[in-house]
Structure formats: C-alpha cells, structure tokens
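For reference, positions follow the sequence shown, starting with 1. Every value quoted in this text rests on a predicted model; they were computed, and no experiment measured them.
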Amino acid sequence: MAFGLYSLLEATLLCLNAICVLHEERFLAKIGMGSDQRGFGEEPGVKTQVLHLVRSIRTVMRIPLIGINVVTIIIKLLLG
C-alpha cells in the first residue's frame, strides 16, 4: 500500500472526525481545557487557542463532514 494523496486526505478526514467528536465536559475538562477561565484583558494562552480551534472546526465542519464521510465510504465500498 503506497502512501499517496488519497491516503493523506483520508488521514486528514479521520483527524477532523476525531476533533469533532471530542466532548468538552467529558474529555477536554479532564485535561484542563474545558472552559474558558481567563481574566478580562489577559492574553489567551495556548490551551485557550486550541479550545477555540476545536470549537471552530466543530462549528464549521459539522455538515460538510457528513457528506465527505459518505463519499469516502462509497469510494471504499466500490474500490476496496
């Protein structure tokens, strides 16, 4: 099995799926990334920026991921 463009796209799809299914209260809060608790006027830290990235990906990619996953499943069923 060669590493090609399709394998790279499939790995990206799997990573996006993994980010979208993270639950803030169950998983992210246990590692200290649950809620945004910073004071007014403070610069956001790395954890806050990662949390905002996760929320943004979850918001923007929810509907497109459904279609992309369906297409990927159909390709896998047809081509093996």
* **Val71, Thr72, Leu77, Val70 screened by side-chain contact (heavy atoms from CB on, under 4.5 Å) with Ile74, the one that passes** => Val70
* Criterion side chain to side chain contact (heavy atoms under 4.5 Å, CB included) on Asn17 and Leu13, from CA distance to verdict -> CA-CA 6 Å; Asn17 282 330; Leu13 176 66; 3.9 Å; yes
* Supply the atom-to-atom distance Ile73 CD1 to Ile68 CD1, rounded to the nearest 0.5 angstrom. => 12.0 Å
* Atom CD in Gln49, atom NE2 in His52: separation rounded to 0.5 Å? -> 8.0 Å
* **Partner of Met61 under side-chain contact (heavy atoms from CB on, under 4.5 Å), chosen from Ile63, Thr59, Leu65** => Leu65
* To do: Look up atom CZ in Arg62 and atom CD1 in Ile66, then write down how far apart they are to the nearest 0.5 Å.
  => 8.5 Å
* Structure fact -> Separation between CZ (Arg58) and CG (Leu53), nearest 0.5 Å, reads 11.0 Å
* Are Leu16 and Val21 joined in one hydrophobic group, where the rule is that I, L, V, M, F, W and Y side chains link up if heavy atoms are under 4.5 Å apart? -> no
